[in-house]
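Single-structure report; data block below.
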Amino acid sequence: MSEQEANLSQSNFFGHPIGLRTLFFTELWERMSYYGMRGLLVLYMTIGVVGNPGLGWSNVEANAIYGIYAGMVYFLALPGGWLADNLLGYQKAVLYGALIIMLGHFTLAIPLEETFILGLAFVAIGTGLLKPNISSIVGQLYADQDERRDSGFTIFYMSINIGSMLGFAVCGYLGERIGWHWGFGAAGIGMLFGVIQFVYFRSQLGTAGLNPNEMAEGRRSTLRLWTIITVIFFAAVVISGVLGLWSIDPVFFAERFRDFLVVISFIYFGYLFFFAGLTSFEKKNVLMLLLLFVGAAAFWSGFDQSAGSLSIFTRDYVNLTFGSFQAPVSWTQFLNPLFVVMFAPFFAYLWVFLGKRNLNPNTPIKFAIGLIFMGLGFIVMLYAVQYAMVEAPVGVQWLLLTYLLHTFGELALSPVGLSAFSRYSPKKYLGQMMGLWFLASSLGGVLAGLFGGEATESGLSSMTPIFSELIYYYLIIAAVLIVLSFFIKGSLKER
Ligand code: PHE
């Protein structure tokens, strides 16, 4: 054991490898910047908030751009993961990602409309490099049989939510009260703290995620060359767009992006099923993962409306005055991460409690529970909309309840989904299957933008029909998951 390794194995972070601390704080600052900025995004693109006008784009357009952005962020996790696997190694991918994200937020801090999309593009690209790969390093801190792995991921999930609370609080206040670009700048400063911290403490990761896959140098050079050509091509496309050489209707683009994501997901599942040479047992598991994929995409399509339609509803129809204090609109988004931190231990305990009595629901049922909570959250919104039609503004308790239900849904679905994708995926395809898990979030993000746009197109009157439609569709998918869970019970065995 080298001196460095000996030091690393002695120091620890809550009984975990010390490298987890480095990743904890990097992810905390990254999520602070991501959610802090995202909380402001749709408000800024539309009419803004009282005393602080925005760009004045329509609700439909703003939601579509938000959806494209949210979708891109997780779609780019696929090339981001590939680059780390094959060319960069995970540690470098995280570092470069963090730097690009920071550059993105600082670009957004420039008070120019022309550089807005460029800033978003940088944040999306950087997040694609950072987000999947930082989770991979968390996994690599533990030996295969290390029992601390799951609790390591739980601690890591806390960093995500503590970071987002910080982001909504700081960027939300600065952006809405001082100026939008101050909020975006604060996100950049947050990411800067993350970068400094990562550079300073990176050595504590030891060799976890240090090197890319082994391969012949010749092959690596070829891959590098193709990567550079691809990057130059897409950079040219984005830059020519920023220079105004082409433009595209955001709703049209969001719809095509949605179609593209659906098609590539099904092609990939089809390939796995028919051509990947899987055993019939593995095929059954792939079918179940397809089912979970649909459930997860549907779930995020509702969940991600927090920063879209729900944010617009909050601004226009919710009373945020407490005594003489008027709370910023984006502060209401603080509720989700707060509830996650409060209730995550309860959910973890619940599954163990039920498990001991042999009552632990299987994964599709947990997904159905997640979707039912999502539906219930929107049922509460239907009441809120109804009351707002009679007399606006309505009290903040409606949002409190909606976000509480949405968080319960998240806790039933998100951690379980992640572990199902790592457990039931054919081993050879593990990395790519994790990519599919992110693809479900990506599709959910675009759909959230499209639905959110339709819901807010003509104020309150468009909300009731769209939210009702969404409720039906969540409940139908939940019902299908419940029915099918009986058929695939036999296949739910561990590898
Ligand atoms: N709050 C989670 C996060 O930011 C949401 C999420 C779950 C995102 C799964 C992507 C994939 O990490």
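Order of appearance sets the numbers: ligands from 1, and atoms from 1 within every ligand.
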I need the minimum non-hydrogen distance between T402 and G377, along with the two atoms involved. OG1-O, 3.4 Å

Can any side-chain N or O of S309 pair as donor or acceptor with the backbone N or O of G452 at less than 3.5 Å? no

Quick check on contacts: which atoms of ligand 1 are under 4.0 angstrom from a heavy atom of I160? 1 (N), 3 (C), 4 (O), 12 (O)

Checking heavy-atom distances from atom 9 (C) of ligand 1 to each of Y74, F156, Y157, W300, the winner is W300

Compute the shortest N/O to N/O distance between K131 and ligand 1 and return yes if it is under 3.5 Å, no if not. yes

Identity of the nearest option to atom 3 (C) of ligand 1, non-hydrogen atoms only, from Y35, Y34, W437, F438: Y35

Looking at Y34, is R31 sitting on its ring face, NZ or CZ under 6.0 Å from the six-membered ring centre and within 45 degrees of the normal? yes

Please determine whether a side-chain nitrogen of the Lys or Arg among D259 and R256 lies less than 4.0 Å from a carboxylate oxygen of the Asp or Glu. yes

I need the atoms of ligand 1 closer than 4.0 Å to a non-hydrogen atom of S441, numbered in the order shown. 9 (C), 10 (C), 11 (C)

Could you say whether the N/O atoms of R31 and ligand 1 ever approach to under 3.5 Å? yes

Determine whether the side chains of Q197 and T26 contain a donor N or O and an acceptor N or O closer than 3.5 Å. yes

